[in-house]
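What follows is a set of notes on a single structure, which appears directly below.
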Amino acid sequence: MGVHSGALKPLRAKAGRALAGRVRVPGDKSISHRAFLFGGLASGRTRVTGLLEGEDVLATGRAMRAMGARIERDGEAFLVDGVGNGCLLEPAGVLDFGNAGTGSRLTMGLAGTYDFTTTYLGDASLSARPMGRVLDPLRLMGTQVLARSRDRLPLSLRGPRVAAPISYRVPMASAQVKSAVLLAALNAPGITTVIEPVMTRDHTEKMLEGFGAAIEVEQDAHGVRTIRLEGQGELKGVADFAVPGDPSSAAFLVVAALVTPDSDVTIENVLMNPTRTGLLETLAEMGASIEVLNERSSGGESVADLRVRHSALKGVDVPADRAPSMIDEYPILAVAAAFAEGTTRMQGLDELRVKESDRLSAVAAGLSANGVEHREGEDWLSVTGRPDGRGIGGGTVATHLDHRIAMSFLVLGLACEAPVTVDDATMISTSFPEFTGLIERLGGTLESAEA
Ligand code: S3P
């Protein structure tokens with residue numbers, strides 16, 4: 001299942017030269033999943049450029065093919081011929097999502113209200129993650145859930161003959177849950193309402209509108225969003241859909257350049273959607289030199305080039321309400337904080353416990369292994385840095401099948417006194433297959449740590 005063939009691939013990062021150069025990061029993971037999902041559902045053809053060819057996204061592509069979409073490569077682009085809204089086919093086999101929370105949860109929403117059966121599999125990490133958050137609203141719409149262990153993968157869904165539209169208040173800050181309900185609503189008659197008390201990434205709303213869905217969003221004075229979607233309407237393919245560069249992947253290169261002495265790196269074409277830029281805001285408060293250049297619009301989103309130079313960072317307090325706009329960036333922020341003068345306090349981190357790993361404890365364990373001073377609470381973390389990296393490093397970090405833990409601690413190793421080893425680099429290919437190559441191209445030193 002998934003990318004893991006069984007053998008671990010330990011990798012080590014060590015301090016060396018300054019990082020320098022211009023690079024591009026691959027397409028945004030959230031938007032790439034949605035390009036396959038919505039392109040595969042809409043009638044007609046969607047031509048997608050800039051797609052992330054990571055394992056997670058490829059699994060979503062296979063699932064959409066299994067339900068009738070045609071997806072083929074055309075040079076740099078992918079041509080997606082969709083089935084038409086309401087016309088997914090029952091897949092013949094199981095849908096294996098490997099490590100991918102977004103792919104599995106959004107597909108459960110998309111297919112879960114159809115009058116047929118779908119079965120979902122995942123790797124050890126995905127099989128340990130809570131699925132009740134998407135199964136609960138699906139049950140309200142009439143979907144039956146069959147799971148061996150309660151609300152965990154593997155599981156099967158059987159949709160009703162006609163799904164019921166619902167009004168649903170999303171109980172946690174989760175774009176995946178919001179999106180799963182909206183996708184389920186595409187196959188329900190009438191209007192489904194999703195209430196989102198705290199705004200999370202809005203790619204589903206924006207993209208569904210682009211594909212022609214009848215969707216409206218209202219926001220009240222307290223920031224509570226009400227999203228209404230009328231189901232069973234037509235969705236039409238988008239002639240040219242360009243996926244912007246992934247800010248959550250760029251984050252590793254941004255922090256690598258900030259903490260490695262004398263570095264000067266430019267990362268091109270990074271998505272600047274405000275629901276994704278919390279890390280940049282935090283790093284700016286820490287004193288980072290990050291120039292946002294050439295800001296422009298691409299496919300309905302704002303993108304920019306980021307010029308990042310080595311900077312003296314200082315510890316800051318990161319407010320809990322910033323968490324949704326940087327939820328995937330806390331592991332790499334903890335690494336930046338390990339080189340900052342003073343203490344960085346991060347709050348509102350409860351959702352980190354249910355990511356590809358329990359990221360709060362995985363980060364804390366990785367910091368411990370490398371002698372970085374920190375404290376871990378139920379939903380907070382504080383890290384006290386060593387501005388020159390002196391006296392830290394030298395540890396081996398358990399990555400727990402989590403790509404972002406692997407990449408974060410390799411970045412730590414690029415600038416601390418002693419090298420840092422991660423026990424397994426395989427999972428990096430789920431979201432950022434080019435990571436090791438780009439770090440080396442910029443001048444960083446990575447080496448195999450196989451015994
Ligand atoms: C994502 C939403 C977030 C994020 C994940 C991608 C999405 O998950 O962590 O990497 O594409 O909707 P949650 O919805 O669980 O916060």
Side-chain angles (χ1 to χ4, degrees), residues 26-38 51-52 54-57 59-60 97-110 122 125-126 128-137 151 168 170-184 194 196-208 225 227 243-244 246-252 271 273 275-279 301 320-333 348-360 362-363 379 401-405 407-408 427-428 430-432:
D28 185 68
K29 180 152 77 80
S30 292
I31 295 179
S32 296
H33 278 298
R34 287 158 174 83
F36 271 163
L37 290 163
F38 306 165
L51 185 101
L52 164 65
E55 291 300 329
D56 280 11
V57 172
T60 294
F97 283 95
N99 194 248
T102 306
S104 58
R105 291 190 176 125
L106 268 54
T107 305
M108 282 186 225
L110 188 72
S125 155
L126 188 58
R129 297 179 67 182
M131 294 298 162
R133 49 181 60 202
V134 295
L135 300 176
D136 289 342
D151 293 352
Y168 194 73
V170 183
M172 64 288 287
S174 168
Q176 292 178 0
V177 176
K178 163 178 68 178
S179 302
V181 179
L182 291 171
L183 300 191
V194 178
E196 188 180 43
V198 183
M199 186 171 183
T200 60
R201 65 191 68 195
D202 59 354
H203 309 307
T204 296
E205 298 92 300
K206 282 188 156 177
M207 287 176 67
L208 280 179
R225 296 170 85 236
I227 308 160
V243 181
D246 195 329
S248 300
S249 296
F252 299 106
L271 174 68
N273 178 313
T275 63
R276 302 289 299 280
T277 49
L279 176 75
E301 291 284 4
D321 64 8
R322 199 176 290 162
S325 67
M326 55 176 295
I327 193 64
D328 291 335
E329 279 66 80
Y330 285 98
I332 192 63
L333 175 63
L349 307 188
D350 41 323
E351 279 294 307
L352 287 199
R353 300 235 176 246
V354 291
K355 294 295 175 190
E356 285 81 333
S357 65
D358 174 344
R359 278 193 183 148
L360 200 38
V363 167
D379 67 348
L401 296 173
D402 189 331
H403 54 132
R404 298 201 200 281
I405 298 297
M407 289 185 276
S408 296
M427 303 313 289
I428 293 174
T430 62
S431 72
F432 194 176

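The structure displayed is predicted, hence computed values, not measured ones. Atoms within a ligand are numbered from 1 in the order they appear, just like the ligands themselves.
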Does an N or O from [X], backbone or side chain, lie closer than 3.5 Å to an N or O of ligand 1?
| X | answer |
| --- | --- |
| Ile327 | no |
| Ser179 | no |
| Arg201 | no |

Item to check | Candidate list Leu271, Leu279, Thr277, Asp328, test side-chain contact (heavy atoms from CB on, under 4.5 Å), partner Pro247, passing option | outcome: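 The residue from Leu271, Leu279, Thr277, Asp328 that satisfies side-chain contact (heavy atoms from CB on, under 4.5 Å) with Pro247 turns out to be Leu271.
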
Checklist entry - Does the side chain of Ser30 come under 3.5 Å of the side chain of His203 through a donor N or O and an acceptor N or O? => result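 Not at all, the side chains of Ser30 and His203 share no donor-acceptor pair under 3.5 Å.
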
Checklist entry - Is there a donor in the side chain of Arg105 and an acceptor in the side chain of His33, or the other way round, less than 3.5 Å apart? => result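 No, no side-chain donor-acceptor pair sits under 3.5 Å.
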
Item to check | Step-by-step side chain to side chain donor-acceptor pair (under 3.5 Å) determination, Ser248 to Lys29 | outcome: CA-CA 9 Å; Ser248 300; Lys29 180 152 77 80; over 6 Å; no

Next on the checklist: As an exercise, identify every atom of ligand 1 less than 4.0 angstrom from a heavy atom of Gln176.
Outcome noted: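 With Gln176 as reference, the close atoms of ligand 1 come out as 1 (C), 2 (C), 5 (C), 6 (C), 7 (C), 8 (O), 12 (O), 13 (P), 14 (O), 15 (O).
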
Checklist entry - At what distance is the nearest protein heavy atom to atom 6 (C) of ligand 1, and which residue and atom is it? => result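 Heavy-atom neighbour on the protein nearest atom 6 (C) of ligand 1: Thr102 OG1, 3.3 Å.
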
Checklist entry - So which heavy atom in the protein is nearest atom 11 (O) of ligand 1, and how far is it from that ligand atom? => result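 Of the protein heavy atoms, Ser30 OG, 2.7 Å lies nearest.
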
Next on the checklist: Applying side chain to side chain contact (heavy atoms under 4.5 Å, CB included) to Glu55 and Asn99, what does each step give before you reach the verdict?
Outcome noted: CA-CA 8 Å; Glu55 291 300 329; Asn99 194 248; over 6 Å; no

Item to check | Heavy-atom nearest option to atom 10 (O) of ligand 1, drawn from Thr275, Thr204, Asp328 | outcome: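 Heavy atom nearest to atom 10 (O) of ligand 1 belongs to Asp328.
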
Item to check | Heavy-atom proximity to atom 3 (C) of ligand 1, best of Glu351, Arg129, Glu329, Lys355 | outcome: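 Among Glu351, Arg129, Glu329, Lys355, the closest heavy atom to atom 3 (C) of ligand 1 comes from Lys355.
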
Next on the checklist: So for Arg34, does at least one of its heavy atoms come nearer than 4.0 angstrom to any atom of ligand 1?
Outcome noted: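 Yes.
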
Item to check | Main-chain N/O of Val354 paired to Arg129 side chain as donor or acceptor, under 3.5 Å | outcome: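 Present.
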
Next on the checklist: Has Ser179 got a side-chain atom pairing as donor or acceptor with Leu106's backbone, closer than 3.5 angstrom?
Outcome noted: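 The answer is no, because no donor-acceptor pair under 3.5 Å joins these two groups.
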
